[in-house]
Each structure stands twice: as structure tokens, then as C-alpha cells.
Amino acid sequence: MSVDPRQPRRRRAGLRDGRKRRTRVALLVLGFLCSGLAGGVAYFMPVFSAAVTITGHNDQLPSGQVAGLATSAPGSKAPFTVLLLGSDNDAKFSSNHLLTQSMILVRVLPQEKRVVMLSVPRDLWVPIAGGGSAKIDAAYARNGARSAIATVEQDFHVHIDHYVWTGLNGLIALIDAVGGVDVVASNPVMDDFYPADIDTTNPYAFERVAVLPGAQHMNGPEALQYVRSRHGDLREDFGRSERQQQLLLALRAKAKTLSATNLPDLAGALQGEMSTDMSLSQVAEVLPLASGLSLSEVQRIILLPPYTGSETIDGQDAVTPNWDLIRPLVATYFP
Amino acid sequence: MRRFTPIGLMALMALFGFGVYHVLGLFKSDTTRAATKPTEEQTHFILPGTLYLAQDGAIYKLHNGHFTHLTDDTHGWMQPSLLADGRLLAVARAAQSSDVFVVNPDGTVAQQLTHNAATGRHASIDSNHWSFYPVLAADGATLLSAYDSPKAGYMVDLAIWSRPLSSPQSTPRRWTSPNDYTGGDIMPVPLQSGGILYVKYAADSKERITSRIYLQPRAGAAGTPLTSADDDCLWPSVSPDQRWVAMVCTGASQQAQLEVAPFDGATLGPVHVVVNDRLTAAPVWAPDGRGIAYLAPASAGGGFQLWWLANPTRPRPDQPQQVTENLALDAGSRPAWSAS
């Protein structure tokens, strides 16, 4: 029997080759994984970017408020209250002096899967946090969300856990990014003096609006006209508040049909047009909550007379509050 | 050659990264995708006759399951309805006003019936007017439509007006008196008796603005409500034999269900809900009366599609069938449907 003296060397060389091959394959797989991951990161980059710019603005909460967040964080399943703020942010206003077109208090009761929305009339004449009285839409102009929240808290005797602010352009961009919403327009919304202040050289110009009634698919500008117009409505700002609540419900219905891959479009649309004190993780906890809610479990409140009256104050048409009725109502739904 | 292998692999990896990026985009919800033009789609099944539908400012003809682009895209065309001679009435909507036109079967304009755009150097924005929901009256010679006059300042409400088709410049005649600051009276539907059904908006006892379907025998006469304020019904459509009315009722909510009720010429009988699983709009009876076409989204938040409901007057109507897909039909425009 003869033995080839080169065999152990060949075996060693074979083992080395096998190890090299495995290393190459591993590197190859790792390379593809990394490039795939890079593709995924690039796709979701607008989400990360928006998360940084939109969320975590708790410097806007009134002082001492941040500690309260820990007990009412969305993830804790405890009920919490959010103040939704919708602002003019057209060319008529400087970015640090905006009025709120819309203020909606939202109480979320996660365990009961129930939501209560209360619209605060924009012309409500109230004491503003920091001194003086004015229409409540001016509170935001004084010191941003901080002032708006403090004013609502002191006047309505309510504790606000979080806020979300969006501008007019943000609303348009959001609705367009989700591909439009389906709304049942409650009546023909006719307005010959609707502000033509978006994408224009003359922010003081007017345009005519005629939103026809019934179920329909609205894009961003159409939806904005529907929820912003108030001149032709018998109920003026109250009618508009109701339409704003309708739009929120329509957005919630649309959100249920979206997937995570739609997030980059939404994030891109809202860049610079939305802000909230909620952290990214809190937002992530709220979203599934919103999709789990039934439309029939959303209670909507408008402060019509006798909760409010009307008066001319300082030459302005104002809505006056009947606190003896409003505060017990708020205490019931926003304890 | 060995030198090129790593370069080739790196290129493949980069390509894979791009692929992941683009494949993720394919998983976006269908409801966010832009609608396709009707001419790029085929219907799921064929409805008899010819339907005219509006999408994105153009009117399309649907015949034998195929769409034809009828009008140009630049005039904001909407709300087609049939004339006795096969031509159409349609609204062309501009930024500040809208007008009613007669449109030929080939889509060209035959005649402009209203002139609502303010003219003159000093015309103010509120000198413009809207005309909507044009329809031919039962006499075959009169145009009925909703028109925003009289108006003053912030008060802009639509009322039902009529004018002779043969001399559209003659003084129009007002049929209804709208409630102030409600949006007014809309959607006239001619009856063979010479009267009309229409939709009137009013503030109800709960401070909501809701709609009721009214019957009015002649211009200026008092109307009779056929539905309640709580039902909040609109889009009345009368069957060809005038014995049934289809309508959409919302109950002052964000629902819009399709209902039918027997009609004896003066009152409505018991109402049957025939579609309540999605928002519905703009119902129109088939020319033979055997079913109703209407518009509704295929999924929540999506664009409106054409649907067909056969035998709606039977105690158990057929299941609704979706006719089109991927469109965003104008839900403010009732389809016009001719037998031929």
C-alpha cells in the first residue's frame, strides 16, 4: 500500500478553499442584505426625517405640563385629551403670528374604544392666558401652542395632555398624500367671499366656492374649501366646526386603508406643516388606536346656543360663552 | 476577468438596493393611487344603452362596455343630462361661475344657454353666478336648473329656475324660494304631471341643516315635503313608469344609503333600504326601469365607481354589482342614461 505524501497538504488546501468559499458566500449575502437594508432605509428616510421635525415639541406645552404626560401616555391605555389646532399659515400672516381657524378638543378612551370631539368656536370671547380678553383664535398668535393650550385649560377647566398643530397647506398636503377622502357634504356650501390666499400673489383676494352636497371624493383643496368656508352658512362658525369634525372622521376612515409603505408620502407632505408634543413612540401607539375605533363610537359636540351667545365686543362679532353650562359639559366628557 | 467579478457583484447589490426601494413602493394602499382615465378601463359587464358620466372635468360616453372621451378637458364639464333629440345638457364649471350648454352627440358645443360669468371692467366677484343640475322639463321644451339668485352679500343660495330652451335669453322663471343661508334648493327632477321633485335644505329643530325631498306642482306653488328632516334625503330619481322614487338618505350622518319607495304622484310609500354598506350618490333608473345605476366607492376612501342594482323594487333586490374599477367618477354628476 502506498501513501501519497501530498494528501494532508491537499486536504488542508481543500479545507482552506472551503472556508474561503463560505466566507465569500457569507460576504455576498451580507452585501445583499446591506444593500437591501439601505434601499429600505432610503425609502423610509422621509419618515425618520419627519419624525424628528414633527414630534417631540413638548417645549410648547405650558410649564409643568410635561410631567403630566407620563400618567396619560397613549400606551398606558389611560384616557387622554388632545387639542387639535388648525391655523392660517398663508401669506397674510407671519409664521409666528398665526390665528387658529380650528380648535378641537379630543378625548380618547382607549379601553372603551371611544372618542369625544368638542369644537371650540374660533370667535369665542375669552380671557387669554397671559392677560387680556380676545377671541380665542388669537391665543395661538400670542405664544404658539403653549398659549393656546394654557388658554383652553384655564377657561374650560380641562387638562390637555397633548396637542397637534397643522397649517392650511398641511391639511391640503395630508389629504392629497392619502389620495383624497370620502365625505358626505351635509349641504351646498356656497361662499362668494372665500379667501383666495393659498398659492397666490395677493393673499387678500377672494374666490367663489360652491361645494355641492352628498357623498363625494374630495382632494386637498376641495376638502379645505368645505371645512374652511363659513360665510354662506346659517350657523356660521358652528357649521364650519361640524364640517371639520366630518373631515376628521373621513381622514380616520381613510387611514384605516393605508399601509406602512404609505408613510413616506405622508411624512413628506407634512414636513414643516405639522407639529406635536407627542414622541414618535407615542404617535406609533395612537395610530392603531385610531384605526380600531368605530365611527359610531365617535361623539361630536358643538357649542351651539344656549352654551354660547353672540355679541359685538370691541367692534367685533364675537361668540360669548355661557360658562355655567359649558364647564359642567366639559367636566362630564373631559374629566 | 476576475477583477470584474467584484465590480459586477457590487453593481448587482446596488441594483438589489434600488429594487427593494421600488418594490416597497408597490405595496402602497390602492386607495392612494391616482385614478385612471375611463378610456383606459373596461367595465366588468355591459349595461344596456348608453350612459354619460363625468370625471375630472370631462364627460365620457359608456356604450357596450367601452368608454369614449366625449368633451374636451378644459371646461370643467359635469352633470350631463339627456335632451329628447339625443343631445346633452351639461354644465361647464369655471373658477367663479358655471354655465349650461347643449352638447352634440360628438361632444362639440351646440349652444350656450346661460351666461353667468361677470363681464365688464368693474364687475365684482359676486356678480358671477352658478347654474347646476340642468334637466329637461316634462314638456320637452324647458330647461330646469338650480341657479344662485337672488343673492345678497354673504347670502348665496340656489333656487330652482326654468327658462325656455328655444329662447334662453328670455327672462327665467323662479320655481322655488330657498331658505336663507342653507345652500338652497337643488336637484330638480321633472314629473310627467308637469311638476317637479327637488331637494330643499333647511335648519331643523336640532340646529342641523338637513335636506328633504319636496314635490311642487308648478312654478311658485307651495311645495310638499315627501321625506323627513331626520332622514336627510337627496338625489331623488323617478322610475320611468313614475311609480317609484330612488334617493340617497344620510340621516344627517356620514352615511349615504340608497333607498327606494313607491310613489303615487303625491306621497311616498314605505321606504326600503337597498344599499347600506357604502356611501352612495347620484342614482339613475335604467330606461327600462329594471334597475338602478349609482355611484359609490369600491373601498372606503376611494374614488367613486359605477354600480348596478337589478330589481330594486322587489322585497329582496339582487346584490349590487360593481361596473367600473380604478376610476374617480364625479359623484356630484348623476349619470345620464339613454336606451339606445
Side-chain angles (χ1 to χ4, degrees), chain A residues 28 31-32 34-40 42-44 177-193 205-208 210 212-217 231-236 238-239 242 246 249-251 253-262 264-265 295 302 304-305, chain B residues 9-10 13-14 16-21 24-25 27-29 31-34 95-97 125-126 128 130 132 148 151 154-158 180-184 186 201 203 207-211 234-235 248 250 252-256 279-282 297 299-304 328 331-332:
Chain A
L28 205 63
F32 275 102
C34 285
S35 64
L37 195 66
Y43 184 83
F44 286 105
V178 300
V181 289
D182 288 350
V183 178
V184 181
S186 47
N187 60 304
V189 174
M190 316 293 289
D191 193 342
D192 273 8
F193 299 96
F206 295 112
E207 63 182 323
R208 300 188 79 219
L212 300 178
Q216 59 196 285
H217 190 72
H231 293 131
D233 196 311
L234 185 67
R235 298 160 306 158
E236 297 182 339
F238 295 111
E242 189 176 319
Q246 291 169 3
L249 295 181
L251 267 170
K254 188 61 181 266
K256 283 181 87 167
T257 69
L258 303 181
S259 71
T261 49
N262 292 106
D265 289 347
L295 275 182
I302 310 279
L304 289 161
Chain B
L9 279 172
M10 283 170 73
M13 285 177 194
F16 180 68
F18 278 116
V20 168
Y21 183 93
L24 280 171
F27 288 96
K28 284 183 193 173
S29 161
T31 56
T32 63
R33 297 191 199 287
Q96 317 296 347
S97 64
I125 188 164
D126 54 331
N128 292 282
W130 301 113
F132 291 117
D148 61 346
K151 60 177 186 168
Y154 288 156
M155 193 183 73
V156 186
D157 293 305
L158 295 158
D180 295 350
Y181 294 100
T182 60
I186 57 170
Y201 282 86
E207 297 276 346
R208 304 171 303 187
I209 296 178
T210 52
S211 56
L234 71 166
W235 286 119
V248 172
T250 76
S253 69
Q254 286 296 294
Q255 293 168 18
L279 302 180
T280 61
S299 59
F304 278 64

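Here the structure is a predicted model, which is why all the values come from computation and not from measurement. Below, chains carry the letters A, B, ... as their sequence lines are ordered, and counting in each starts from 1.
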J.: Can you name the side-chain contact (heavy atoms from CB on, under 4.5 Å) partners of A:E236, sequence neighbours left out?
T.: none
J.: Just so I understand: if I count every heavy-atom pair under 4.5 Å between each of B:G332, B:A282, B:A14, B:G25 and chain A, which residue has the most?
T.: B:G25
J.: Contact part of A:A177 toward chain B, heavy-atom cut-off under 4.5 Å: side chain, backbone, both or neither?
T.: backbone
J.: Under 4.5 Å heavy-atom distance to chain B, tell me which part of A:L304 shows up: side chain, backbone, both or neither.
T.: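 Just its side chain gets close to chain B.
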J.: Compare every heavy atom of A:G36 with every heavy atom of B:V20, then report the nearest pair and how far apart it is.
T.: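 For B:V20 versus A:G36, the nearest heavy atoms are CG1-O, 3.4 Å.
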J.: Please determine, among A:T257, A:L251, A:V181, the option with the most heavy-atom pairs under 4.5 Å with chain B.
T.: A:T257
J.: I'd like to check B:W130 versus A:R208 (side-chain heavy atoms, cut-off strictly below 4.5 Å). Are they in contact?
T.: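 B:W130 reaches A:R208 side chain to side chain.
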J.: Step by step, would you call B:Q255 with A:V184 a side chain to side chain contact (heavy atoms under 4.5 Å, CB included)?
T.: CA-CA 7 Å; B:Q255 293 168 18; A:V184 181; over 6 Å; no
J.: Between A:P213 and chain B, which part of the residue has a heavy atom less than 4.5 Å away: side chain, backbone, both or neither?
T.: both
J.: Please determine, among B:T210, B:D180, B:D157, B:N128, the option with the most heavy-atom pairs under 4.5 Å with chain A.
T.: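 Heavy-atom pair counts peak at B:N128.
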J.: With a 4.5 angstrom heavy-atom cut-off, could you sort out which part of A:F44 is near chain B: side chain, backbone, both or neither?
T.: side chain
J.: Is it the side chain or the backbone of B:D148 that comes within 4.5 Å of chain A heavy atoms, both, or neither?
T.: side chain
J.: Is it the side chain or the backbone of A:L28 that comes within 4.5 Å of chain B heavy atoms, both, or neither?
T.: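 It is both, since atoms from each part get that close.
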J.: Where do B:R208 and A:R235 come nearest, in terms of heavy atoms and distance?
T.: CA-NH1, 3.9 Å
J.: Would you mind checking which part of B:L234 comes under 4.5 Å of any heavy atom in chain A, side chain (CB onward), backbone (N, CA, C, O), both or neither?
T.: side chain
J.: If you tally heavy-atom pairs under 4.5 Å against chain B, which of A:C34, A:A215, A:P264, A:A205 wins?
T.: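 Heavy-atom pairs under 4.5 Å are most numerous for A:A215.
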J.: Please name all residues satisfying side chain to side chain donor-acceptor pair (under 3.5 Å) with B:S211, sequence neighbours left out, ordered by chain then number.
T.: B:D232
J.: What part of A:F193 lies closer than 4.5 angstrom to a heavy atom of chain B: side chain, backbone, both or neither?
T.: side chain
J.: Sub-3.5 Å donor-acceptor pair from the side chain of A:S259 to the main-chain atoms of B:F27, do we have one?
T.: yes
J.: What's the separation between atom CZ in B:F16 and atom CG in A:L37, rounded to the nearest 0.5 Å?
T.: 10.0 Å
J.: Report which part of B:T280 has an atom under 4.5 Å of a heavy atom belonging to chain A: side chain, backbone, both, or neither.
T.: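 For B:T280, backbone heavy atoms alone lie under 4.5 Å from chain A.
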J.: For B:I209, is it the side chain, the backbone, both, or neither that has a heavy atom closer than 4.5 Å to a heavy atom of chain A?
T.: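 For B:I209, the contact with chain A is made by backbone and side chain together.
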J.: Nearest 0.5 Å, please: how far is OH in B:Y181 from CG in A:N187?
T.: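 It comes to 14.5 Å.
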J.: So does A:E207 have more than 12 non-hydrogen atoms from other groups sitting under 6.0 Å from CD?
T.: yes
J.: Nearest heavy-atom pair of A:S35 and B:M13: which atoms, and what distance?
T.: OG-O, 2.9 Å
J.: Rounded to the nearest 0.5 Å, what's the gap from OH on A:Y43 to CG on B:L24? Could you check?
T.: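 One finds 6.0 Å between OH of A:Y43 and CG of B:L24.
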J.: Given the options A:A260, A:G239, A:A210, A:G31, which has more heavy-atom pairs under 4.5 Å with chain B than any of the others?
T.: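 Of the options given, most contacts go to A:A210.
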J.: Under 4.5 Å, counting heavy-atom pairs only, tell me which of B:A256, B:A300, B:A281 racks up the most with chain A.
T.: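 Most heavy-atom pairs under 4.5 Å with chain A: B:A300.
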J.: If we ignore hydrogens and angles and just use 3.5 Å, is the side chain of A:Q216 paired with the main-chain N or O of B:A331 as donor and acceptor?
T.: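 The answer is no, because no donor-acceptor pair under 3.5 Å joins these two groups.
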J.: Looking at B:T32 and A:G179, would you say the former's side chain and the latter's main chain have a donor-acceptor pair under 3.5 Å?
T.: no
J.: Could you tell me the separation between the CE atom of B:M155 and the CG atom of A:L234, rounded to the nearest 0.5 Å?
T.: 11.5 Å
J.: Most heavy-atom pairs under 4.5 angstrom with chain B, which of A:S186, A:G180, A:A38?
T.: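 Among the listed options, the one with the most contacts to chain B is A:S186.
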J.: Kindly compute the distance separating CG (A:D191) from CG (B:D126), expressed to the nearest 0.5 Å.
T.: 11.0 Å
J.: Name the option with the most non-hydrogen atom pairs under 4.5 Å to chain A; the candidates are B:G302, B:S97, B:G303, B:S253.
T.: B:G302
